[in-house]
Asks: 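Pasting a structure below so you can have a look.
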There are 2 protein chains.
Amino acid sequence: MIDDAWEPPPVLLAVDLVILTLRDAHLRVLLVKRGIDPYEGALALPGGFLSHAGEGIDTAARRELREETSLDANTLHLEQLGVYGTPGRDPRGRVISVAYLAIAPRLPEPVAGTDAADASWQPADHVLAGELNLAFDHRQIVADAVTRARAKLEHSALATAFCSQTFTIGDLQEVYEAVWGISLDPRNFYRKVQKADGFIVPAGTEQRTTVGRPARLFRAGPNAHLSPPIVRPVDP
Amino acid sequence: MIDDAWEPPPVLLAVDLVILTLRDAHLRVLLVKRGIDPYEGALALPGGFLSHAGEGIDTAARRELREETSLDANTLHLEQLGVYGTPGRDPRGRVISVAYLAIAPRLPEPVAGTDAADASWQPADHVLAGELNLAFDHRQIVADAVTRARAKLEHSALATAFCSQTFTIGDLQEVYEAVWGISLDPRNFYRKVQKADGFIVPAGTEQRTTVGRPARLFRAGPNAHLSPPIVRPVDP
DNA sequence: GGAATAGTGTCTTTTAGACAGTATTTG
DNA sequence: CAAATACTGTCTAAAAGACACTATTCC
C-alpha cells in the first residue's frame, strides 16, 4: 500500500532478445560482442534500454529486433519470456530486463546486423553447457528460452516459425529434431503432423529438389494450438 | 545501442498478484477494493510498488503476498506470469507491472487480510466474462493467469498447490473440474493420477469423513512434471 | 439394509511405434 | 537401372474411455 508522502523508486528498463534459428541442423542463438563497459568484449544477447519513457515494451523489443537483425519484426515470431531483475545483475544500477523469445526462419548465409558488426549465431548447446561465457545473467535467459521453445513445440505451431513461408514435412522434422536433440521416425512423424488439426495446410505445388522425389509444400495452418499434440518421446 | 550522452528513461515498477484458490467448487481470485485515486473504489489485483530500489522483484511479490493474505508465502506456489507495460495503462505515469500467479490451498473461512479490509474472493468466471469491472488492465492479467493455470494442470503438479498438504484423489479431481470447468469420470481419473509418475505419494493413514468409505490420503510427490500428462478433453 | 463415497476390473475403441512396401525423382 | 528421397499401408502393443462391479463407511 502506498503512503501519501512515499515515492516508489524508479528503475531502468531494458529489453533483451533471445533470437533462435536453425543453422546446419543445430539450434543457434544470436549473440553480439559487447562494445561498451559492463562486460565489454563479452558475448551477450542483443538488446537495449527503452528509447524514451513513452515507448511500449513490445515496441522496444521489435525495434531492437529490427536494429540488430534487419529482419522484418512483423513476420517473426516474438513472445515475452520473462523478467530478470535480480538486484546486482547489472553493475550500472537497478536494471530490470524484459526478455523476449524470437524465432527466425532459416536465414540467408551471413549474419545480418546493421549496428552490430560482430553478431554471430552460436550453438545453443554451447551456451547451455557453459562453454561460452555470456554477460550478465544471459546464460540463464538463454536456458529459459530453449526450455520454453522445447516445450512449445509439443502443443503449438511454433515449429513453423523456424521455417520459410512454405516448407516440406522434412523441414519441419528437422526443426523438431534439432530443437529436441533427438531423431524421429520420418514416416510416423509425417502422419502425426498431418493429423494435428490446422497445423499445416498444403501450399499447392511441389518443389524442385536435388535428388529424390520432390516433396509437397505446406504453409502454417490457422491453428496455433496442436491437437493432438506432437509429443516429445521420453528418455528411458 | 547506447550513446554516451544519452540516459535511459526511468520507469516505476509495480508487482501485481493473481491469487487463485478453490472455494465451493469454483475457481476464485482475490481482489481488493482500491482505496486511492487511480480507479478509487474499483476492484483490483493486490499489489504495489517496489518498496526500495534494492528490493528483488520476487521478494516484492512475496512481501505483497504476505501483506495482503497473511499466508506464508514460502509454502505457496508463486510464479512469474508476465510483464504488463502498455504506455497509458496507469494514469500516474510510466508504470510497468510484473504480474505473479499464486495458488492458495483451501483457506479457513474468511478472507484474511492485514491491511486490506475489503478483500474478497471473486469467481474467476465473473472476471473473465466482464461482469466485474477491474482497474487498469487487470482483467487481462487474470485472463492470462487462468489460461496459464489451465494449461499447467495438464503437464505439471500445479493441482496439488490448490490442496492442503494431504488430500484425497477426490479433492484433486475437484481442482481439475473447477479449473477446467468440466466434469471427469472419477474412476478413470483415479487411475490416471496414480499412473503419473511421482505426482502424488500415499500419506499413510486414512481419513475420517462424513459419509461413505474413507479415502486414502496423499501428498504432493517429488515430480513437478507429469508423465504421462493428465490431458484435458477436447470440446466437440 | 440403504445410501453414499472409494476403489478395482474389464471390455472396446483409439492411438503410438515399428517397419515393409510403393512412388517419383536425378543421373 | 541404381540411388535417393517422399509417401502409404499394416501390424502390434499400449493407452484412453466407458462403465459394471466390489469395498467400506454412516445412518
Side-chain angles (χ1 to χ4, degrees), chain A residues 25 153-155 159 163-164 166-177 180 182-197 199-219 226-236, chain B residues 24-25 106 153-155 159 163-164 166-178 180 182-197 199-219 225-236:
Chain A
L153 285 193
E154 295 200 77
H155 306 281
C163 300
S164 339
T166 64
F167 49 85
T168 68
I169 293 190
D171 292 338
L172 252 195
Q173 187 180 340
E174 256 194 275
V175 173
Y176 279 88
E177 293 186 329
W180 284 348
I182 58 174
S183 61
L184 300 166
D185 183 300
R187 294 148 315 174
N188 292 334
F189 183 81
Y190 199 94
R191 271 174 306 135
K192 257 185 172 171
V193 161
Q194 301 258 45
K195 212 181 292 177
D197 192 58
F199 182 15
I200 56 174
V201 294
T205 63
E206 323 238 358
Q207 190 193 30
R208 245 357 63 178
T209 178
T210 49
V211 64
R213 175 174 172 176
R216 295 186 208 155
L217 288 176
F218 296 85
R219 66 168 52 89
L226 304 188
S227 83
I230 313 286
V231 288
R232 174 162 35 166
V234 287
D235 316 87
Chain B
D24 44 48
R106 284 183 181 74
L153 285 193
E154 296 200 76
H155 306 281
C163 299
S164 338
T166 64
F167 49 85
T168 69
I169 293 190
D171 292 338
L172 253 195
Q173 187 180 340
E174 257 195 273
V175 173
Y176 278 89
E177 292 185 330
W180 284 348
I182 58 174
S183 61
L184 300 166
D185 184 299
R187 292 139 328 165
N188 293 334
F189 183 81
Y190 199 94
R191 273 174 306 133
K192 256 185 171 171
V193 160
Q194 302 259 44
K195 213 181 291 177
D197 191 59
F199 182 14
I200 56 174
V201 294
T205 63
E206 324 240 356
Q207 188 193 29
R208 246 358 62 178
T209 178
T210 49
V211 64
R213 174 176 174 175
R216 297 186 205 155
L217 288 176
F218 296 85
R219 65 168 53 89
H225 231 232
L226 304 187
S227 85
I230 312 287
V231 287
R232 176 162 35 166
V234 288
D235 316 87

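All chains are named by letter (A, B, ...) in the order of the sequence lines, taking the proteins before the strands, and each is independently numbered beginning at 1. These figures come from a predicted structure and were not determined experimentally.
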Asks: Tell me: CD of A/Gln194 to P of D/dT8, nearest whole Å?
Replies: 7 Å

Asks: Find which nucleotide of DNA chain C each of B/Asn188 and B/Gly170 is nearest to by heavy atoms, and output the residue with the more 5' nucleotide.
Replies: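 Upstream on the strand: B/Gly170.
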
Asks: Check whether B/Gln173 reaches the backbone of B/Leu184 with its side chain - one donor and one acceptor, N or O, closer than 3.5 Å.
Replies: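 Here the side-chain-to-backbone pair exists.
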
Asks: If the cut-off is 4.0 Å, is A/Arg216 near the phosphate of D/dT8, judged by side-chain N/O to OP1 or OP2?
Replies: yes

Asks: Between atom CZ in B/Phe189 and atom P in D/dA18, what is the gap in whole Å?
Replies: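 Those two atoms, CZ and P, are 15 Å apart.
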
Asks: How many Å lie between CG on A/Leu226 and P on C/dA16, as a whole number?
Replies: 13 Å

Asks: In terms of the nearest nucleotide of DNA chain D, which residue is placed more toward the 5' end: A/Ile169 or A/Gly212?
Replies: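 Final value for this comparison: A/Gly212.
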
Asks: Just N and O in the side chain of A/Lys192: are any of them under 4.0 Å from OP1 or OP2 of C/dG17?
Replies: yes

Asks: Using whole Å, report how far CD1 of B/Ile230 lies from C1' of D/dA16.
Replies: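 Value for this atom pair: 12 Å.
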
Asks: Using modelled atom types only, decide if a donor and an acceptor are shared between the side chain of A/Tyr176 and the backbone of A/Ala159 within a distance under 3.5 Å.
Replies: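 Answer holds: no.
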
Asks: Starting at CG of A/Asp185 and ending at P of D/dT10, how long is that distance when rounded to a whole Å?
Replies: 17 Å

Asks: Which pairs, protein N/O on one side and nucleotides 12-15 of chain D N/O on the other, fall under 3.5 Å?
Replies:
none

Asks: Between D/dG17 atom C1' and B/Arg232 atom CZ, what is the distance in whole Å?
Replies: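 It works out to 19 Å between those atoms.
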
Asks: Calculate, to the nearest 0.5 Å, the distance between atoms CD and CH2 belonging to A/Glu154 and A/Trp180 respectively.
Replies: 5.0 Å

Asks: Could you list the protein-to-nucleotides 20-23 of chain D atom pairs, N/O on both sides, closer than 3.5 Å?
Replies:
residue	atom	partner	partner atom	Å
D/dA20	N7	B/Arg187	NH1	3.1
D/dA20	N6	B/Arg187	NH1	3.2
D/dA23	N3	B/Arg213	NH1	3.3

Asks: Where is the tightest heavy-atom contact between B/Gln194 and B/Ile200, given as atom of each residue plus distance?
Replies: OE1-CD1, 4.5 Å

Asks: When rounded to the nearest 0.5 angstrom, what is the spacing between SG in A/Cys163 and CZ in A/Arg219?
Replies: 13.5 Å

Asks: What's the shortest heavy-atom distance between B/Arg191 and B/Asn188, and which atoms?
Replies: NH2-OD1, 2.6 Å

Asks: Send over the distance from B/Tyr190 OH to C/dG9 P, rounded to a whole Å.
Replies: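 It works out to 11 Å between those atoms.
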
Asks: From C/dG7, D/dT25, D/dA4, pick the nucleotide closest to the side chain of A/Val211?
Replies: D/dA4

Asks: Please answer whether the main-chain N or O of A/Thr168 pairs with a side-chain N or O of A/Asp171 as donor and acceptor at a distance below 3.5 Å.
Replies: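 Looks like yes, one N/O pair under 3.5 Å.
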
Asks: Looking at every heavy atom in both B/Ile169 and B/Phe189, which two are closest together, and how far apart are they?
Replies: O-CE2, 3.7 Å

Asks: What's A/Arg191 touching, base or sugar-phosphate or nothing? Going by heavy atoms closer than 4.0 Å.
Replies: base

Asks: Pairs of donor and acceptor atoms involving the side chains of residues 225-233 of chain B, under 3.5 Å and at least two apart or interchain, shall be tabulated with distances.
Replies:
none

